[in-house]
2 protein chains.
Amino acid sequence: MKQRTKARGPRPSSIARVPGIDYAGLDGILGYALRRAQLAGFEAFHGATAGVDITPPRYTALVIVGANPGLTQSTLGAVLGTARSGAMLLTDWLEERGLARRRRLAGDARAWGLYLTPRGKALSSRLRRRVKAYDAAFARRLSSRELGTLRRLLDKLVGAP
Amino acid sequence: MKQRTKARGPRPSSIARVPGIDYAGLDGILGYALRRAQLAGFEAFHGATAGVDITPPRYTALVIVGANPGLTQSTLGAVLGTARSGAMLLTDWLEERGLARRRRLAGDARAWGLYLTPRGKALSSRLRRRVKAYDAAFARRLSSRELGTLRRLLDKLVGAP
DNA sequence: TATTGTTATACTCTATAACTATA
DNA sequence: TATAGTTATAGAGTATAACAATA
């Protein structure tokens, strides 16, 4: 393992159904059902990254920088839906661990281009494989037909093309 | 309005699709699709609670205490899937705003029972109506048939009966 | 011994505002 | 003026650990 063995910090747990509790229509809310499902998906991620000190946004940053070398921090922020300052902290985190480097871009002296180091590339590819496998195991709770339907409905819900 | 008019703190925004970016299979991950959908649902919640200083866990605490008077903090924590210390902070928050009260329970001198005040009940019922309406508007992006399918698949995914 | 609530501490995630250097 | 990055600050959410009172 390259990173610390213990993931610290908040790990949102799934929402257990407590017997005898009146949920007062809370479980009739679509947003609540989505939240529960998302937490179940998070657990798959957590299993995939056990033993590696990483979190979902950090994983996303790692993968996105890996697939888009030379990306600027602003663009990374746009992809993550986060403010520039957050993209900077993520970049710091990657750089401190030797996973990525900032390099000056030719066209614009204000911006940095982000690039994974060999170590970052190795971690990215290892984790991508693991996350994919765990996610597939999670998705296997549905038939492939159901899964296709679910993906279509989720896309429609968020207005994806 | 009874609460502060401005909700502060982090409001997770939705994940925009940035053109020209290689997502490297990230969007093939079910957990990622669920996350995007959940954020869209969160926006519905945010619209419903505009002008009221409340967050999803605080809203959940308000509703759950309202529907289960005499609930202990430990049970509230179990419902929310959070540690006791978190349930305590939520209870403090409710109490500071005059929305709930702690009262000693007869059976166990260690535990507090939680009860909404009239003000808490009023806020709870107003917000429940608004959240339900906004959630319904959000859900209307799907046909009622699709919605039924989605709910069934989400329940199956989290292993709900 | 175990549980309830509490306090203390820490870390992640996110945001806004003000600043600098550059465009 | 506008943008990229940075710094400072703040609040929300979550966790663990240790403690007192009670079971």
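Here the structure is a predicted model, which means the values were calculated and not measured. Within every chain, numbering begins at 1; the chains are lettered A, B, ... in the order of the sequence lines, protein sequences first and strands thereafter.
- Between B:R35 atom CZ and C:dT14 atom C1' the separation is 11 Å, expressed in whole Å.
- Contacts of B:A111 with the nucleic acid, taken as non-hydrogen atoms under 4.0 Å apart, involve only primed sugar atoms and P, OP1 or OP2.
- Sparse packing is recorded around NZ of B:K132, with 12 or fewer heavy atoms of other residues, nucleotides or ligands lying under 6.0 Å away.
- Side-chain proximity of A:T72 to the nucleotides C:dT16, C:dC13, D:dG5 is greatest for D:dG5.
- Contact check, A:W112 against D:dT6: a side-chain N or O comes under 4.0 Å of OP1 or OP2.
- The aromatic rings of A:Y32 and A:Y23 sit tilted relative to each other, their planes meeting at an angle between 30° and 60°.
- Proximity of A:R102 to the phosphate of D:dT6: a side-chain N or O atom is located under 4.0 Å from OP1 or OP2.
- A sub-4.0 Å separation between OP1 or OP2 of D:dG5 and a side-chain N or O of A:S85 is absent.
- If you measure from atom CG of B:D92 to atom C1' of C:dT6, you get 9 Å, rounded to the nearest angstrom.
- Taking only side-chain atoms of B:T55, from C-beta outward, the nucleotide of D:dG13, D:dT14, C:dT12 with the closest atom is D:dG13.
- B:F42 places its CZ atom 12 Å from the P atom of D:dA12, with the value rounded to the nearest Å.
- Straight-line distance from the CZ atom of A:R104 to the C1' atom of D:dT6: 11 Å, rounded to whole Å.
- Looking at heavy atoms from C-beta onward, B:L142 lies out of side-chain contact with B:T149 at the 4.5 angstrom threshold.
- What separates CG of B:L89 from P of C:dA8 is a distance of 12 Å, to the nearest Å.
- Between D:dG5 and A:S74, a contact under 4.0 Å exists linking OP1 or OP2 to a side-chain N or O.
- Residues in residues 65-83 of chain B take part in no salt bridge (charged side-chain N to carboxylate O under 4.0 Å, His left out) pair, two or more places apart or across chains.
- To the nearest angstrom, P of D:dG5 lies 10 Å from CG of A:L76.
- Checked by atom type and distance alone, the side chain of B:R101 never pairs as donor or acceptor with a backbone atom of B:Y115 at under 3.5 Å.
- In this structure, B:R104 forms a cation-pi arrangement with B:W112, its terminal cationic atom sitting closer than 6.0 Å to the ring centre and no more than 45° off the ring axis.
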query = Going 5' to 3' along nucleotides 18-23 of chain D, which nucleotides have protein heavy atoms under 4.0 Å from the base (write B), which only from the sugar-phosphate (write S), and which from neither (write -)?
reply = ---BBS

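- Within the 4.5 Å cutoff, the side chain of B:L114 has no heavy atoms near those of the B:T72 side chain.
- Put simply, CG on B:L114 is 14 Å from C1' on C:dT6, counting in whole angstrom units.
- A straight line from CG of A:D53 to P of C:dT12 spans 7 Å, rounded to a whole angstrom.
- Backbone-only contact: B:R58 has heavy atoms under 4.0 Å from sugar-phosphate atoms and none from a base.
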